[in-house]
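Only one structure is covered here, and it is reproduced in the block below.
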Amino acid sequence: MKKNKNINYKIFPDKNGRFGKFGGRFVAETLMPLLLKVEEEYKKAKNSKKFKSKLKYYFESYIGRPSPLYLAERLSSKLNGAKLYLKRDELNHTGAHKINNCVGQILLAMQMGKQRIVAETGAGQHGLATATVCALFNLNCVIYMGEVDIKRQAPNVFKMKLLGAQIQPVKSGRATLKDAMNEALRDWVSNVKDTFYVIGTAAGPHPYPMMVRDFQSVIGDEAKKQILKYEKRLPNYLVACIGGGSNALGLFYSFLNDYDVKILGVEAGGEGVNSKKHAASLAKGKPGFLHGNYTYLLQDPNGQINDAHSISAGLDYPGIGPEHSWLKEIGRVKYVSATDKEALSAFKLCSKLEGIIPALEPSHALAYLIKNSKKFSKKDIIIMNMCGRGDKDIFAISDKLGVKV
Ligand SMILES: *Cc1c(COP(=O)(O)O)cnc(C)c1O
């Protein structure tokens with residue numbers, strides 16, 4: 001990684017929303033003015049004391065930030081003596097990191113005078129966080145969700161309805177996340193006057209990947225302060241799971257220019273990256289265009305987007321945020337994977353050893369560490385993003401856990 005020591009990673013994207021050759025804003029003409037307006041308003045917000053103090057207020061008093069950085073001693077004992085710290089974003093209101101971004105984007109929507117929020121959701125976690133913040137601020141909320149996902153994610157659908165959101169079933173394409181995102185974009189273009197589109201991960205056209213990363217980077221900002229307080233030094237490793245990439249960038253961003261910190265992103269290996277059933281866009285995909293940006297995608301030789309597969313619905317996206325594609329190519333972050341099976345074992349282990357039932361998504365990050373424990377030593381400090389709790393997962397996987405009740 002030495003050769004990249006002169007790069008200031010934190011000044012990206014450039015003014016065109018590019019991370020190297022990735023990212024950008026490849027959209028229909030009808031969408032362009034909307035994106036330019038969001039970018040302009042976001043710039044204003046970023047420099048506004050009032051916006052920043054509002055964001056801080058809701059982060060602290062509504063989400064429950066800062067989240068603790070917890071030394072997981074019993075898990076550490078499985079990592080060849082390395083010290084494993086968990087950044088506990090699973091303790092946030094609604095149970096995951098998603099709400100950091102929703103509060104940020106919805107405060108921006110209100111600054112722009114919008115009364116109606118649209119969002120897409122796959123597993124329902126982003127829909128749930130969006131519906132929650134819309135309830136808080138008394139905004140109309142429409143959640144686009146594939147029909148297939150509506151059936152798979154009944155508890156989250158129920159919660160969103162309870163919070164007052166309208167669920168808009170999507171039948172087009174394969175009726176999953178990718179199609180829901182297309183429909184939400186279409187809605188936004190037709191209702192631009194009163195509507196704001198909240199994207200749930202660090203993907204989509206500029207300025208979304210940058211904006212989502214910025215709102216999530218509170219995770220790494222806090223973790224850095226916390227580890228310096230506890231250990232008086234920076235960690236050797238950061239690790240996080242990768243769906244679209246927002247929780248990972250949230251942790252990584254603060255440390256990108258700390259060149260001695262090694263950074264690992266863990267993709268969902270499904271039934272194995274050499275099978276057809278996985279979600280490892282960086283390991284097995286190729287660059288292409290989806291949702292207004294250029295990035296790594298799972299696609300067939302004709303450029304059709306392939307279905308992603310993972311035991312965790314939150315990692316089940318055939319693309320990846322463009323900043324990750326760039327960080328991979330430039331070599332700043334190492335991207336690896338863990339399979340469904342490995343994630344399930346890590347899920348059980350974490351529950352038993354730490355009394356923390358993790359979401360299946362961060363279980364992938366833990367699984368990678370466990371699988372590679374021999375690579376670590378007593379001198380190592382690792383920070384892992386515990387980006388969600390497992391409540392949403394336990395019933396879907398109960399048959400696979402072998403737990404008798
Ligand atoms: C949505 C979700 C993810 C995947 O999204 P990223 O943008 O990659 O963070 C990971 N973990 C949890 C708990 C989620 O809810």
Side-chain angles (χ1 to χ4, degrees), residues 1 4-5 7-10 56 59-60 63-92 96-97 100-101 202 213-242 245-266 323-324 327 332-336 346 350 353-356 358-359 361-370 372-373 375-389:
M1 254 172 251
N4 294 322
K5 281 210 171 175
I7 294 179
N8 180 359
Y9 292 95
K10 294 177 77 171
K56 186 167 183 284
F59 273 8
E60 290 177 6
I63 299 179
R65 306 211 69 90
S67 67
L69 186 70
Y70 162 70
L71 174 59
E73 289 191 51
R74 296 189 70 203
L75 277 176
S76 294
S77 72
K78 303 278 177 198
L79 296 179
N80 211 22
K83 274 184 167 175
L84 176 65
Y85 281 89
L86 302 177
K87 180 60 176 159
R88 299 204 50 198
D89 258 53
E90 103 280 7
L91 293 175
N92 294 342
H97 64 290
N100 303 326
N101 168 52
R213 174 201 71 196
D214 290 351
F215 289 134
Q216 292 293 2
S217 65
V218 66
I219 299 172
D221 291 347
E222 288 173 6
K224 198 173 200 174
K225 274 191 209 142
Q226 290 165 321
I227 201 71
L228 287 174
K229 184 173 160 205
Y230 300 154
E231 297 282 349
K232 314 279 182 292
R233 70 172 178 94
L234 292 176
N236 303 80
Y237 293 92
L238 301 176
V239 58
C241 66
I242 310 263
S246 71
N247 88 84
L249 278 173
L251 177 64
F252 300 167
Y253 186 65
S254 287
F255 297 88
L256 286 178
N257 286 345
D258 300 313
Y259 305 110
D260 293 330
V261 177
K262 297 185 194 80
I263 308 183
L264 301 167
V266 185
E323 191 163 0
H324 286 291
L327 290 169
R332 177 65 187 97
V333 177
K334 187 177 165 196
Y335 293 90
V336 293
C350 184
L353 293 188
E354 296 293 346
I356 295 171
E361 291 87 355
S363 298
H364 285 72
L366 182 60
Y368 177 82
L369 294 175
I370 302 277
N372 293 281
S373 59
K375 290 186 184 160
F376 306 110
S377 81
K378 260 194 184 125
K379 290 183 209 132
D380 288 326
I381 294 171
I382 305 168
I383 298 180
M384 182 192 121
N385 199 4
M386 180 55 81
C387 57
R389 64 178 90 132

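On a predicted model such as this, the values are computed, not experimentally measured, just so you know.
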* Can you list the steps and then say if Asn101 with Ser246 is a side-chain contact (heavy atoms from CB on, under 4.5 Å)? -> CA-CA 9 Å; Asn101 168 52; Ser246 71; over 6 Å; no

* Give a yes-or-no answer on whether the side chains of Asn100 and Asp89 include a donor-acceptor pair shorter than 3.5 Å. =>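 Yes, a side-chain donor-acceptor pair sits under 3.5 Å.
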
Please tabulate, for side-chain N and O atoms in residues 218-227, each donor-acceptor pair with protein atoms closer than 3.5 Å (sequence neighbours left out).
residue : atom : partner : partner atom : Å
Asp221  : OD1  : Ser254  : OG           : 2.2
Glu222  : OE1  : Arg65   : NH2          : 2.9
Glu222  : OE1  : Ser67   : N            : 3.2
Glu222  : OE1  : Lys87   : NZ           : 2.8
Glu222  : OE2  : Arg65   : NE           : 2.8
Lys224  : NZ   : Ser254  : O            : 2.9
Lys224  : NZ   : Asp258  : OD2          : 2.7
Gln226  : OE1  : Lys87   : NZ           : 2.9
Gln226  : NE2  : Ser67   : O            : 2.9

Pairwise side-chain contact, [X] with [Y], heavy-atom cut-off 4.5 Å (strictly under):
X      : Y      : result
Leu249 : Gln216 : no
Ile356 : Tyr70  : yes
Pro235 : Phe255 : yes
Phe376 : Ile382 : yes
Arg332 : Ile263 : yes
Ser373 : Lys78  : no
Tyr9   : Tyr253 : no
Leu238 : Leu264 : no

* If you round to the nearest 0.5 Å, how far is CG of Leu327 from CG of Leu256? ->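 Those atoms lie 5.5 Å apart.
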
* Distance (rounded to the nearest 0.5 Å) between Ser217 OG and Phe252 CZ ->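 Ser217 OG to Phe252 CZ: 13.5 Å, rounded to 0.5 Å.
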
* Asked: Got a sec, which pairs hit side-chain hydrogen bond (donor to acceptor under 3.5 Å, both in side chains) with one end in residues 375-386, sequence neighbours left out?
  -> Asn247-Asn385, Asn372-Lys375

Please report the shortest heavy-atom distance between [X] and [Y], naming the atom on each side.
X      : Y      : answer
Ser363 : Ala359 : OG-O, 2.7 Å
Met386 : Leu86  : CE-CD1, 4.1 Å
Cys387 : Cys241 : SG-SG, 3.8 Å
Arg389 : Asn92  : NH2-O, 3.0 Å
Ala240 : Ala365 : C-CB, 4.0 Å
Ile242 : Ala248 : CD1-CB, 3.7 Å

* Contacts of Tyr230 that satisfy side chain to side chain donor-acceptor pair (under 3.5 Å) - sequence neighbours left out ->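 With neighbours one apart ignored, the set is empty.
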
Ignoring hydrogens and geometry, is there a side-chain-to-backbone donor-acceptor pair from [X] to [Y] under 3.5 Å?
X      : Y      : answer
Glu60  : Pro66  : no
Glu90  : Pro358 : no
His324 : Gly245 : yes

* To do: With side-chain contact (heavy atoms from CB on, under 4.5 Å) as the test, would you mind laying out the steps for Arg88 and Leu69 before giving the verdict?
  => CA-CA 6 Å; Arg88 299 204 50 198; Leu69 186 70; over 6 Å; no

* **Full working for side-chain contact (heavy atoms from CB on, under 4.5 Å) between Val261 and Tyr259** => CA-CA 5 Å; Val261 177; Tyr259 305 110; over 6 Å; no

* Looking at Ile383, Ile381, Leu79, which one forms a side-chain contact (heavy atoms from CB on, under 4.5 Å) with Leu84? -> Leu79

* Less than 4.0 Å between a side-chain N and a carboxylate O, is that true for Glu231 and Arg233? -> no

